[in-house]
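To keep things clear, I will list the structure first and then write my remarks on it.
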Amino acid sequence: HRGDANCLVSASGSSSVRNRPKNGSDDPHAGRYRCPMAQANVPDKPSLEGLETKWGERWEADGTYRFDRTKTRAEIYSIDTPPPTVSGSLHVGHVFSYTHTDVIARFQRMRGKEVFYPMGWDDNGVPTERRVENYHGVRCDPSLPYDPGFAPPEKPGKDFVLASRRNFVELCQRLTSVDERAFDELWHHLGLSVDWSMTYTTIDDNARATAQRMFLRNLARGEAYLSEAPTLWDVTFRMAVSQAELEDHDQAGAYHRISFHGPDGPVFVETTRPELLAACVALVAHPDDERYQPLFDRTVTTPVFGIEVPVRAHPLAEPDKGSGIAMICTFGDLNDVTWWRELQLDTRAIVGRDGRIVAEAPAGLESPQARAAFERLTGTTIHTARERTVELLRESGDLHGVPRPVTHSVKFYEKGNKPLEIVTSRQWYLRNGGRDIDLRDELLSRGKELEWVPDYMRVRYENWVQGLTGDWLVSRQRFFGVPFPVWYRLGDDGSPDYDEPIPADESSLPVDPQSECPPGFAETQRSQPGGFVGDPDVMDTWATSSVTPQIATGWERDTDLFERTFPMDLRPQAHDIIRTWLFSTVVRSHLEHDALPWMTAAISGFVLDPDRKKMSKSKGNVVTPLPLLTEYGSDAVRYWAAGGAPGTDTAADFGQMRVGRRTAIKVLNASKFVLGLGPVPADPAAAVATAVDAAMLSWLAETIESGTAAFEDHQYTRAVDRIATFFWSFCDDYLELVKARAYGEGPGADSARAALAVALSAQLRLLAPVLAFVTEEVWSWWKEGSVHRAPWPTAAELGPAQDSADKHVLTVATQVLGEIRKAKSDAKKSMRLDVASVVVTAGANDLAALRHASEDVKAAGRVDELALVETNEDARMTVEVTLAES
RNA sequence: GGGCGCUUAGCUCAGUUGGCUAGAGCGCUGGCCUUACAAGCCAGAUGUCGGGGGUUCGAGUCCCUCAGCGCCCACCA
């Protein structure tokens with residue numbers, strides 16, 4: 001019985017039996033011929049259409065990528081997948097970088113690793129709230145009671161509808177679950193080999209419990225602390241912002257030259273923020289600045305408001321900026337905060353948390369003159385306050401000349417569209433080395449310990465850590481996030497005691513201190529004198545994201561899983577969030593585990609538009625991924641993505657997608673040819689006997705080795721390049737050379753068919769990490785199981801013949817065939833045209849190699865006479881082609 | 001202002017520790033229905049390797065320098 005797995009039968013064989021596929025007539029790959037004695041089952045018209053759906057469903061049903069948690073840590077490759085922010089729109093950049101991760105995951109899986117590859121959805125945080133606010137036209141008002149019957153307006157109206165905190169959170173959850181489905185669909189279509197049974201969201205119970213537990217540990221060790229201090233504040237979102245979330249934007253402004261009234265005449269100050277004049281608490285100049293030395297430790301009077309403020313010296317003041325003397329306001333910028341702290345100045349805050357001038361004039365503005373002026377400003381926006389203050393200055397004659405326009409960069413919250421203000425507020429901080437040299441050094445050495453792909457990305461980490469100006473501000477005055485698991489005792493006067501927060505018990509997590517009460521208290525004591533209040537804030541989204549390794553690996557929840565998967569092997573992410581996600585994750589892991597969270601960070605670049613411009617919604621050049629996947633096919637888009645080297649920004653290149661599609665189609669057709677040739681010996685690798693075949697396998701062995709090394713080194717781009725290059729020459733040259741022999745009979749035919757089968761099997765596996773769908777499709781024609789669980793090819797499996805083979809045989813044969821083709825092409829003739837004679841003049845080595853391939857060359861070129869003429873070894877080979885009369 | 005990266009064919013990019021005449025794909029030109037594939041195949045043309053200097057028997061590759069582009073960070077009275 002010859003019907004073993006290697007019995008390959010031509011699709012056109014007359015003995016074939018037409019079989020319907022098992023799953024019915026809606027299968028687009030219906031119409032196969034199946035040999036009753038063989039597994040090979042090649043469709044007569046192979047196609048890429050529908051492969052994504054077909055194999056996506058099949059992989060899910062078969063659990064192809066299901067994680068086997070019985071494996072040991074050494075056998076496991078664990079990936080800390082970036083949970084995409086689901087409230088954003090789908091972006092071709094997602095497809096790009098997640099494909100990189102998937103390619104690595106598939107390679108590692110085939111190399112024999114059990115791949116731990118969960119997906120998460122990052123749904124908590126400001127972007128989601130923002131989206132919900134806009135989508136429904138609602139705003140959260142935490143003072144409202146929960147309304148079980150609450151329904152958002154059908155369409156956002158002119159005025160916002162207010163929702164209680166719980167109602168608002170419910171809207172967030174509802175909308176994110178819709179967004180998550182869109183991502184889910186995209187990822188499935190793209191073919192990510194994720195184990196979908198492990199999917200988490202950053203707002204789910206486990207994520208909240210993990211983030212809270214980590215926080216409690218930080219609190220217990222003194223790494224988390226409360227502090228009331230001036231902080232950067234976004235007036236739109238009405239929340240504090242951390243250093244890592246800052247962005248500089250260029251803004252138009254103007255220097256206003258204004259005069260303070262000094263003891264010896266006017267003192268001119270140039271300011272871009274005249275509206276803060278009312279908040280001015282001092283002037284400052286450099287200690288060495290002779291112009292202002294006479295004024296130091298004396299006072300001047302502010303214009304308009306008539307307030308007496310000191311003139312102080314501080315080295316941070318720069319003599320060549322403006323007039324060399326600056327007004328210190330509480331607070332105009334971070335310099336003001338430094339001066340205020342170090343010179344121990346008064347506080348005179350006039351900007352409220354809503355970004356408007358406060359209603360009550362602050363202490364120090366008691367005089368009737370000051371009050372009258374301040375009246376003009378109360379309740380106005382910064383913008384209006386500036387106009388009014390300028391008017392006041394003009395009226396009093398203290399504005400000199402015309403404001404001089406400048407463009408200067410101003411700090412913004414990365415998701416905000418108004419400049420940040422600085423307000424004083426009580427916030428939670430987490431130590432991150434920003435105020436502690438030892439911790440900073442430890443974190444820097446963690447950065448050195450980590451393997452970076454590409455290596456130069458480490459510098460961004462180091463720059464960031466070295467440039468930290470303070471600890472990490474982690475609390476946000478928002479709603480859809482992880483609450484701080486603490487309460488505060490209320491004194492008999494009803495005021496909270498912030499010095500000793502009451503932590504939640506770890507066993508009670510996740511906890512909502514707004515609706516649950518602290519250990520030892522009853523709910524009736526909430527907000528009562530002698531009772532308690534819950535912390536009102538939620539954590540910064542990065543405070544949750546920074547524990548994704550712990551969320552995914554089951555830290556303190558599933559110790560067995562944790563020990564098998566942590567520290568993780570790979571953190572893939574983009575370069576823009578090194579300072580946020582990567583750094584904060586290193587911080588948390590360092591503090592909790594005294595270890596890196598992963599061994600390797602693979603940093604991907606951005607996708608640029610086809611003209612190499614950064615994509616942005618405002619430019620309208622954002623490429624949405626699903627239409628691409630539909631038009632070119634997922635394998636084609638994956639092929640393009642795999643061409644983007646780690647760390648390198650890459651243009652969305654539809655040409656490369658077309659190439660990917662062509663490669664995938666080529667896989668189908670070449671496979672159809674190879675599998676249609678007829679029976680193959682039982683042990684094909686051992687049956688390779690012809691020098692040309694052995695040479696091809698020898699080239700393949702080299703490709704396997706270099707491709708594998710590149711993959712191991714996370715250089716998937718190079719690996720794919722090597723593999724695809726080999727595959728195309730396999731199709732264009734080797735296949736054409738041996739085609740005639742393979743159709744025939746005898747030992748030469750056996751060798752060719754054996755080599756073709758061996759090479760196809762290896763190449764399908766080499767291509768599988770990138771062309772996940774088409775390789776699986778072809779694999780299913782003749783092999784059991786999934787190609788994605790098949791062992792990664794090795795040089796050894798190609799058999800003994802290639803080991804000692806002379807690669808040159810194939811090189812020379814290809815070269816001569818090329819010359820023959822050229823002669824026909826130059827003569828504008830068909831490749832089918834017969835060739836009367838070919839004379840090859842070359843050195844002995846080339847001729848010896850060519851002799852091994854002469855029959856194949858003659859057949860492929862349709863050559864009657866092939867003559868070999870020996871010349872000296874150094875001479876270039878020449879090929880003289882005489883075409884037959886047509 | 002500090003740092004990182006980039007600059008190779010019309011376009012997008014390879015080019016690993018210095019080593020034969022610098023490569024690929026796309027695009028372009030011409031041809032070919034060829035018992036896997038016309039959604040295909042065959043062939044062809046195209047370079048001041050950003051400029052300058054240096055090291056070396058030899059430099060796209062190493063060093064210095066200048067320029068341009070991009071990104072990160074900082075400053076921002």
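Numbers restart at 1 for each chain; the letters A, B, ... are given by sequence-line order, proteins then strands.
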Strand RNA chain B in bracket notation, Watson-Crick/G-U under 3.5 Å with | for pairs to another chain
(((((((..((((.....[...)))).(((((.......))))).....(((((..]....))))))))))))....
Note, A/S761 side chain near A/W779 side chain (heavy atom, < 4.5 Å)
yes
Kindly write out the residues that satisfy ring pair (Phe, Tyr, Trp, His ring centres under 6.0 Å) with A/Y734, not counting sequence neighbours, or none if the list is empty.
A/F730
Scan nucleotides 22-35 of chain B nucleotide by nucleotide, 5' to 3', and note B when protein non-hydrogen atoms come under 4.0 Å of the base, S if they reach only the sugar-phosphate, - if neither.
---SS---BSS-SS
Is A/R273 salt-bridged to A/E421, cutoff N-O under 4.0 Å?
yes
Can you name the residues that form a ring pair (Phe, Tyr, Trp, His ring centres under 6.0 Å) with A/F773, not counting sequence neighbours?
A/W59
Output one line per pair: protein atom, nucleotide atom from nucleotides 72-75 of chain B, and distance, for all N/O pairs under 3.5 Å.
| unit_1 | atom_1 | unit_2 | atom_2 | d |
| --- | --- | --- | --- | --- |
| B/C73 | OP1 | A/R579 | NE | 3.0 |
| B/C73 | OP1 | A/R579 | NH1 | 2.4 |
| B/C75 | OP2 | A/K411 | NZ | 3.2 |
| B/C75 | O2' | A/K321 | NZ | 3.2 |
| B/C75 | N4 | A/D248 | OD2 | 3.4 |
| B/C75 | N4 | A/S409 | OG | 2.7 |

Restricting to ring pair (Phe, Tyr, Trp, His ring centres under 6.0 Å), what partner residues turn up for A/F331, sequence neighbours left out?
A/W340
Heavy-atom side-chain contact between A/R312 and A/I328 under 4.5 Å:
no
Taking the side chain of A/H408 as heavy atoms from C-beta outward, which of B/C76, B/A39, B/C4 is closest to it?
B/C76
In chain order, what residues pass the side chain to side chain contact (heavy atoms under 4.5 Å, CB included) check against A/R661, with sequence neighbours excluded?
A/L48, A/E49, A/A636, A/I665
The salt bridge (Lys or Arg N to Asp or Glu O under 4.0 Å) partners of A/D576 (sequence neighbours excluded) come to none
Set of salt bridge (Lys or Arg N to Asp or Glu O under 4.0 Å) partners for A/R440, sequence neighbours left out
none
Is any NZ, NE, NH1 or NH2 atom of the basic residue among A/E702 and A/R722 found under 4.0 Å from an Asp or Glu carboxylate oxygen of the other?
no
Using atom C1' of each nucleotide, how far apart are B/U56 and B/C62 to the nearest Å?
10 Å
Looking at residues at least two apart in the chain, or sitting in another chain, which of them share a ring pair (Phe, Tyr, Trp, His ring centres under 6.0 Å) with A/F268?
A/H400
Under the salt bridge (Lys or Arg N to Asp or Glu O under 4.0 Å) test, which residues partner A/D846, sequence neighbours left out?
none
Residues from residues 633-642 of chain A lying under 4.0 Å of RNA chain B - heavy atoms
none
